[in-house]
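Take a look at the structure below.
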Number of protein chains: 2
Amino acid sequence: MTTMTPDLAKQDCSDCPIRHRAVCARCEPDELERLEEVKYYRTYEAGQTVAWAGDKMDFVASVVSGAATLTQTMEDGRRQMVGLLLPSDFVGRPGRDGVRYDVVAVSELVMCCFRKAPFEKMIASTPHIAERLLEMTLDELDAAREWMLVLGRKTAREKIASLLSIIARRDAVYAPGVVRSVTFDLPLTREAMADYLGLTLETVSRQVSALKRDGVIELQGKRRVHVPDVDLLMEEAGDDSDGGLLV
Amino acid sequence: MTTMTPDLAKQDCSDCPIRHRAVCARCEPDELERLEEVKYYRTYEAGQTVAWAGDKMDFVASVVSGAATLTQTMEDGRRQMVGLLLPSDFVGRPGRDGVRYDVVAVSELVMCCFRKAPFEKMIASTPHIAERLLEMTLDELDAAREWMLVLGRKTAREKIASLLSIIARRDAVYAPGVVRSVTFDLPLTREAMADYLGLTLETVSRQVSALKRDGVIELQGKRRVHVPDVDLLMEEAGDDSDGGLLV
DNA sequence: CGCGCGCCTTGACGCAGATCAACTTTCTGG
DNA sequence: CCAGAAAGTTGATCTGCGTCAAGGCGCGCG
């Protein structure tokens, strides 16, 4: 799993419309201006569908707030989430005609959209963005492969811990220094977590309770999670601890 | 899962050193010549390691024959295969300094290698190849996500059928027309299959026997597999049948 | 207020696949 | 051709998670 390098993270990107580091972290003023020309915003409510598999998307977008999921479904209804889109992630990447998976908002979702054609033209004319686009896709591939280990070989408890530590890690990107405790809101229902982890919602519920009972996490309400010791959580996840979340 | 379009497949690429369609199918004579300048071959025996996680690879390569696997390992030894590299697949793609996973030969493996620096220079100077490189990576991402569904939601029997149909599909690329029966050699041991599918080797063995008993596959020896009806296999895999393997 | 509904929790039980173990078949090297 | 190792098969038993079911909590709405 890749952690952001400190220098990139510290750069202030708060008003950049594309917050994904792949485009944002290094974007230069004139590129940004060109992006502004073609951008608009869209809001989706929880449960709303952004795109179905096979849709031709007429836009390219970056998640600004909330969360969306990428889901595969079998004919008999079994579902597997294959991607979790959190603020700064990309949807409808150039180079593809349509999306192959359902994209559904799991909490209120705001996306910063770009009309596809001008965006693609811009990519084509800006070599370093094209290059970062490949880098970004390779990062996603890494994440997908990391997740294959979770799905194939980890126990239910380890799966939950892995998911929590991914979200914690993402959250910690916006906090400075080396982090040892984190608090965040789970953007997912128990059912969505189950779909992500290849479990049932009952098992998710049981294991979350177990982690709480064992002091690995604390809950304020159902959704707000406090992790007193990130190292402990990562140990539960079966990952080799790398000394806290470096941010 | 993407199937090759007929016109691309029919093109004769047998003496092209990079058989992956991403580079090969559209490669033009002068590009090919430039590739020839920097290529050499390497052979690995079964079990030999091509690269460890974190290695800086000094070459970029395409699998010519045999198979290699990309594997993630946990400290306690649990393993999950996250990629299966069959003839025409790429290793050590430009844009990454090292590989992040262990690449190990599972059967005798011949790779067509390119020294990295000149290859990358060539990529940089040839826009359509750079574009195809992104396309290729997106295909891999799709495959990884497809596999997440297999790992997270399919039964042992469906998992085996899915793996067999992936290999059958790959094999059928070299045969003409719409294919309804295929024969191929499994390039994997039962243990490697288990690592790929998130199962134990005993379960793999049992389910292979079951598929044989039920007439879905026929075995000649342990490794040679004949699939009398590809549709049936795909049904067992839980995929929507798309009317045979289009080649 | 209280009714219904979505979301979550908890318990009891069953089963698919893991584990442990014995054995067979196929390779490999002398 | 044989001996030993590696790969694969098959059976018996165990267990983690799925399944089914009952109920709790919070919240919007008539």
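In what follows, every chain begins at residue 1, and chains take the letters A, B, ... in the order their sequences are listed. Only a predicted model underlies this, so the values are computations on that prediction, with no experimental measurement involved.
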- Message: Taking any atom closer than 4.0 angstrom to a non-hydrogen atom of chain B, what span of DNA chain D does the protein reach, first nucleotide to last?
- Response: D/dG8 to D/dA12
- Message: For A/Val225 and A/Phe184: C-alpha separation, side-chain torsions, deciding distance, then whether side-chain contact (heavy atoms from CB on, under 4.5 Å) applies.
- Response: CA-CA 5 Å; A/Val225 179; A/Phe184 56 90; 4.0 Å; yes
- Task: Check each residue of residues 215-225 of chain A for a non-hydrogen atom within less than 4.0 Å of any atom in DNA chain C, then write out the ones that pass by number, or none.
- Result: A/Lys222, A/Arg223
- Does any non-hydrogen side-chain atom of B/Val106 lie less than 4.5 Å from one of B/Thr189? no
- Query: For the helix from C/dC1-D/dG30 to C/dG30-D/dC1, what is the angle between the axes at its two ends, each from 5 pairs, rounded to 10°?
  - Reply: 40°
- Message: Quick check on contacts: within residues 154-161 of chain B, what sits under 4.0 Å from DNA chain C by heavy-atom distance?
- Response: B/Thr155, B/Ala156
- Do you know which two heavy atoms are closest between A/Tyr44 and A/Ala105, and how far apart they sit? CB-CB, 4.1 Å
- Are A/Thr203 and A/Leu197 side-chain neighbours, meaning at least one heavy-atom pair lies under 4.5 Å? no
- Task: Quick one: sort the A/Phe59 and A/Tyr40 rings into parallel, tilted or perpendicular, breaks at 30° and 60°.
- Result: perpendicular
- Hey, does A/Ser205 reach any base, or is it just sugar-phosphate, or nothing, if we go heavy atoms under 4.0 Å? base
- Note on the structure: Within residues 195-204 of chain B, the residues having a heavy atom closer than 4.0 Å to DNA chain C are B/Gly198, B/Leu199, B/Thr200, B/Glu202, B/Thr203
- Item | Heavy-atom pair of closest approach, residues A/Glu158 and A/Arg153 | OE1-O, 4.5 Å
- Nearest-Å distance, CZ (B/Arg206) to P (C/dT19)? 12 Å
- Query: Are A/Val227 and A/Leu164 side-chain neighbours, meaning at least one heavy-atom pair lies under 4.5 Å?
  - Reply: no
- Are more than 12 heavy atoms from other residues, nucleotides or ligands located less than 6.0 Å from atom CD of B/Gln220? yes
- Item | Minimal non-hydrogen separation, A/Gly198 against A/Lys159, with atom names | O-NZ, 3.8 Å
- Item | Heavy-atom check, side chain of A/Lys154 versus side chain of A/Asp239, under 4.5 Å | yes
- Item | Min side-chain heavy-atom separation B/Leu219-B/Val208 under 4.5 Å | yes
- Non-neighbouring partners of A/Asp229 that pass salt bridge (Lys or Arg N to Asp or Glu O under 4.0 Å), sequence neighbours left out: none
- Task: Report the residue from B/Arg224, B/Arg223, B/Lys222 that forms a salt bridge (Lys or Arg N to Asp or Glu O under 4.0 Å) with B/Asp185.
- Result: B/Arg224
- Side-chain touch A/Val230/A/Val182, heavy atoms, less than 4.5 angstrom: yes
- Message: Could you check whether any side-chain heavy atom of B/Arg170 comes within less than 4.5 Å of a side-chain heavy atom of B/Asp89, counting everything from C-beta outward?
- Response: yes
